[in-house]
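Values in this document were obtained by computation on a predicted structure and should not be read as measured data.
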Amino acid sequence: MSTLIIEPNLPRPDDFYQTLTDLHRDLSDEQSMDVNARLILLLSNHIGDQAVLEQAMAIAREHIPAAE
Amino acid sequence: MFKTYTFPEFDYVRSADQDTAQPVKHPVVIVGAGPMGMTAAVDLAQQGVPVVILDDNNTVSVGSRAVCYAKRFLDISDRLGVGQRIVDKGVTWNIGKVFLEEDHIYSFNMLPEEHHRRPGFINLQQYYLEEYYVDRINSLDTADLRWKNKLVNVEQQGDSVLLSIETPEGPYQLEAQYVIACDGANSKVRAMCGLESKGQIFQDRFLIADVIMDPKKFPPERWFWFNPPFHSGQSTLLHRQADNVWRIDFDLGWDADPEEEKKPENIIPRVKAFLGDDVEFDLEWASVYTFTCRRMDEFRQGNIFFAGDAAHQVSPFGARGANSGIEDTDNLCWKLKMVLDGKAPVTLLDSYSPERTFAADENILNSTRSTDFITPKNHVSRVFRDAVLNLSRNYTFARPLVNSGRLSVPPFLTESALNTADTEMFNCKVVPGAPCTDGSIVYNAEDDFLLSNLGNQFNGLLFVESHTDLTADILQGLTELAVQDVPVKTFVVASHEMELNLPEGSEMVIDKYGVVKERLDAQRGTFYLTRPDQLVTARMRRFDKEQIVAAQNKALGK
């Protein structure tokens, strides 16, 4: 089974981060949500591995207590 | 009044069972003469099991209701002798198109392969389907369809069931060895047994309007619109049925008032907005509905079996209602026949509920996912849904995520206790627990189809490429299989025309295009065993009579 990479893997982290935040500059919250949704869909398709995606999804909300 | 259809009225006929002091006992009584009750009746009666069907009404389904009948429904109806009439009257389609706003974004094909007798789907108003099944029942001496016979009580008594019935001429009682409850979503039998169907109610309302219009306007395809310009923010589905009747299905949202929406003065403007002012149409029938996805925990209580909507319900997106219901009766009837004939232990009947609840779960899952895509349940779901739709205009990767209904295909009963697990590698879609594939063949020097010749009994498929493949041992084995208490009739699937000396009970079919071999990943010597409902139950790379008998015993619940 493939494993989600959780060690540093971006060759130029600062460039990536700036590109990501620039992507949302001047967008309303609603537009940002739409852009993020499209980005998640594009990246998920690129990864193409349900197990890896599920690991990422679990980590993405592990800090939020489970609903009662 | 319908412009395109006249509803038959069937006569109540007094039965001799109403004049006896003691309730008369029947092997099988079916409650409800809807599509499922009637398929069960035909299936049993044509195999010689006498059946009584009780229905509290005296006509067919009012309103069109079920529309889409899938390939598997047609294959089963062929076995029941009704398939050709349904196909002749119905509208054949294979293509579904998805639109977003004004744009066509995606198409799918329900039958991308050739060499199947039946198409992916046909559309037909439910009343025609029921009428054809009534005719078929009336042609069978062993089926007794009793109109205006209303079931008012059921009581399990040891190994049989006592039914209390009201008729226009007063009450009477019947005893049944087995009861099949096909009395629909609000099943009274289920309520009388103190059982429930549990699941999820969807907070949404849909308007269905059947309209008559010129057939040149739309091709025979399934068209689905997300957020169409004529019905802003919602969805719309279009299907063509027989007699130039189109089914239009509008999502109205939860706040719509069903009584108001049902009025023609409110429906006609919606349809006009859709078709344009220049298209003439007549409104044939309309209804506003909500739906639930739910099922019973078990589809059996004692000697009572539940089938169709009585046992499980799905949303209409996916056409999984009637199409899964007929798979229930297809699954149950051969088992009842075997047990009633004393050829299988009564424990064979234990396999019905696990096999069909497994199938129901797959149908409910697919139907729920489609519904959640079509009408997103919260803001973020809608954001993702809209992102998928908008990306799918230009990016093919998003198109498989578009879900306007995953249309009915038979669930593969991979977990069934009746299956014999593969011990060798097979690389094809068909697996133990799946219906056998169809394919063009030559049989008795005529073009034919494989599925038209399978079923009602156990069948074998043995693949050969030369007469030398049939050794004396194999011929001896085929003979022995054919004369068992529960025979296996084997079709020797020849790769080309050849001279074969086959024993009684075996016949040759020619796999003219090689499609059967390919679809079953068969090689020289491969053997498939199918159940009386055409499901593959075991397969092996070399003919081994002992293994075949063991697999058949397993499939008989022994």
* For B/Ile201, does the CD1 atom sit with more than 12 other heavy atoms under 6.0 Å from it, leaving out its own atoms? -> no
* To do: Kindly check if the number of other-residue, nucleotide or ligand heavy atoms within 6.0 Å of CZ (B/Arg270) is above 12?
  => yes
* Quick one: which of A/Leu42, A/Ile40, A/Val35 has the most heavy-atom pairs under 4.5 Å with chain B, could you say? => A/Leu42
Distance-only donor-acceptor screen, chain B against chain A, under 3.5 angstrom:
residue	atom	partner	partner atom	Å
B/His379	NE2	A/Glu30	OE1	3.3
B/His379	NE2	A/Glu30	OE2	3.3

* **Neighbour count >12 (heavy atoms, 6.0 Å) for atom CD1, A/Ile64** => yes
* Asked: If you draw a 6.0 Å radius around CD in B/Glu424, do more than 12 non-hydrogen atoms from other residues or ligands fall strictly inside?
  -> yes
* Would one find more than 12 heavy atoms of other residues, nucleotides or ligands at under 6.0 Å from atom CD1 of A/Ile47? -> yes
* Asked: If you round to the nearest 0.5 Å, how far is CZ of B/Phe397 from CG of A/Leu41?
  -> 5.5 Å
* Could you pull out all residues at least two apart from B/Phe250 that satisfy ring-ring contact (aromatic ring centres under 6.0 Å, His included)? => B/His231
* Shortest non-hydrogen separation from B/Val380 to A/Met33 and the atoms involved -> CG2-CE, 3.6 Å
